[in-house]
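Read the structure below first, then the notes.
All heavy atoms count here, side chains included; hydrogens, waters and symmetry mates do not. In what follows, chains carry the letters A, B, and so on, assigned in the order in which the sequence lines appear, proteins first and then strands, with residues in each chain numbered from 1.
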Number of protein chains: 2
Amino acid sequence: MDWKVILSQKGYRLSEPRKRVIELLETAEVALSPQQIHQNLQQKDCDIGLVSVYRTLDLLTKLELVTLVYDLQHNPGYMLSTTGHHHHIVCQECHKALEFSGSDDIDQLVERVEAETSFQVRDHFLQLFGLCPDCQLNNDTGDQL
Amino acid sequence: MDWKVILSQKGYRLSEPRKRVIELLETAEVALSPQQIHQNLQQKDCDIGLVSVYRTLDLLTKLELVTLVYDLQHNPGYMLSTTGHHHHIVCQECHKALEFSGSDDIDQLVERVEAETSFQVRDHFLQLFGLCPDCQLNNDTGDQL
DNA sequence: TTCTTATTGAAAATAATTTTCAATAAGCAG
DNA sequence: CTGCTTATTGAAAATTATTTTCAATAAGAA
Ligand SMILES: [Mn+2]
Ligand SMILES: [Mn+2]
Ligand SMILES: [Zn+2]
Ligand SMILES: [Zn+2]
C-alpha cells in the first residue's frame, strides 16, 4: 500500500518533511544516514530541520516503511523497505544497496542452530556484501573472499 | 592461538586495561557495550579509563579477537570471537549471546541472489534472535513469530 | 474559512565517541 | 635486577550524534 495512505489511515499528517524524506529515499539507491539525508535535502531545495529527519525516520521505521541497514564498517543507513520478508545486499565499493526477497533459505541453518544451542529462533538479520554490476567492471583487484 | 601471544607477536604490550577487558569478555555470556564494560570493571576492582576501553576494543576488533554484534534494537555489543566462520544468536529476553559455527548453509541463497541481482557476493552478516533455554522456561507468552 | 492539535525547527540538553598531551609503566638491553 | 625507550594510559577538552523542550506553524477536519 502507498505510504501516503498508510500515514493518513494511522492519523499521521502528510507534512512537508515526511514527503521530502520519503521522496528522497525513493530515488536513492544507497542507504543514507540521517545526516546524509539532511544534507541532500538542503542541497536540493528545502530547509528541513535535522530534527525532523530523525523524527521522520523513527516514525517510518516504526511503521516499517523504512529499514535500517549497516555497511561492513557498521555505518548506519536507512532504506525504503518493501513489504514481506527480505534482506539487503550492499556494494562494498559504491555502497549501492538492493533488496532481495527472503524465503525459507536459512530454514536448515535455523534447525541446525536450534538443535546445537537449544535456543528457540524467532527472528534473524541477514545482510550480504559484495560488488554491484557497475563496480565489478571498474574492479580488477581479483577475488579476495 | 592465545590472545597474549597474538598481542605480543604483533608488538602490542600486555597492559592492565587490555588484560582486564579481555578477562571480562571471557566470562561474559552477553555482548557488552563499551560503557557496560567500563562499569563492570569499575564495580569489580580496577579504575580503567573509558577511553582505554574504547581503544582496547578498537584494537581487538582490528585483530579480530572481538566481534561487534547488535540486538534487534540495534544496540551494539562486543563479544570475544573464536576463529573461523561463525555467527551469533542473541536472546531477545536476557541478551545472552552464543556463537555458532557458520558453514556453507547460505550458499544456495548466495547463488540465488547473485543470479537475481548480478551482484558478486563476497561477505555476509548473519545474526539470529530468539529465546535462550533459560528464558524459554520463564516465558509462556506463546509463539509470536 | 476557521479551529484544533499534530508537527515543526531553533536551541538547549544529553549521550557517545575521539583527540590531545603529559604522566606512566611494559618490555627490552645491559 | 636496573635503568632506558617508547607504547600506552587517563583526565580533560573537543567533536559528533541524538534527544528533549517548547513556542510557532500548518495539516486536515469541520
Ligand atoms: Mn531471511
Ligand atoms: Mn555464514
Ligand atoms: Zn557498487
Ligand atoms: Zn535469555
Tell me which nucleotide among C/dA10, C/dT8, D/dG10 gets nearest to the side chain of A/R18.
->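 The answer is C/dT8.
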What is the distance from atom CG of B/D47 to atom CZ of B/R20, rounded to the nearest 0.5 Å?
->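 Output value for this atom pair is 10.5 Å.
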Could you give the [atom1]-to-[atom2] distance, from [X] to [N], as a whole number of Å?
| X | N | atom1 | atom2 | answer |
| --- | --- | --- | --- | --- |
| A/E16 | C/dT7 | CD | C1' | 13 Å |
| B/Y78 | C/dA16 | OH | P | 13 Å |
| B/N75 | D/dT18 | CG | P | 13 Å |
| A/H38 | D/dT18 | NE2 | P | 13 Å |
| B/K19 | D/dT8 | NZ | P | 14 Å |
| B/Q39 | C/dA16 | CD | C1' | 13 Å |
| A/L41 | C/dG9 | CG | C1' | 14 Å |
| A/L59 | D/dT19 | CG | P | 14 Å |

Relative to each other, are the rings of B/F125 and B/Y70 parallel, tilted or perpendicular (30° and 60° limits)?
-> perpendicular
Heavy atoms under 4.0 Å, any strand shown: does B/R55 hit a base, just sugar-phosphate, or nothing?
->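 Result for B/R55 = base.
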Pick base, sugar-phosphate or nothing for B/Q35, based on heavy-atom distances below 4.0 Å to the nucleic acid.
-> sugar-phosphate
For A/C135 and A/K96, what are the C-alpha separation, side-chain angles and deciding distance, and is it a side-chain contact (heavy atoms from CB on, under 4.5 Å)?
-> CA-CA 10 Å; A/C135 293; A/K96 196 178 299 167; over 6 Å; no
Heavy-atom closest pair, residues B/L131 and B/C91 =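 Minimum heavy-atom contact is CA-SG, 4.0 Å.
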Using heavy atoms to find the nearest nucleotide of DNA chain C for B/S8 and B/P76 separately, return the residue whose nucleotide is more 5′.
-> B/P76
When the nearest nucleotide of DNA chain C is assigned to A/I48 and to B/L50 on a heavy-atom basis, which residue is associated with the more 5' position?
-> A/I48
Dump the intermediate steps for side-chain contact (heavy atoms from CB on, under 4.5 Å) on A/W3 and A/R18, then the final yes or no.
-> CA-CA 10 Å; A/W3 56 267; A/R18 288 174 186 163; 5.6 Å; no
Determine: side-chain N/O of [X] to OP1/OP2 of [N], distance under 4.0 Å, yes or no.
| X | N | value |
| --- | --- | --- |
| A/R13 | D/dA26 | no |
| A/S52 | C/dG9 | yes |
| B/S15 | C/dA26 | no |

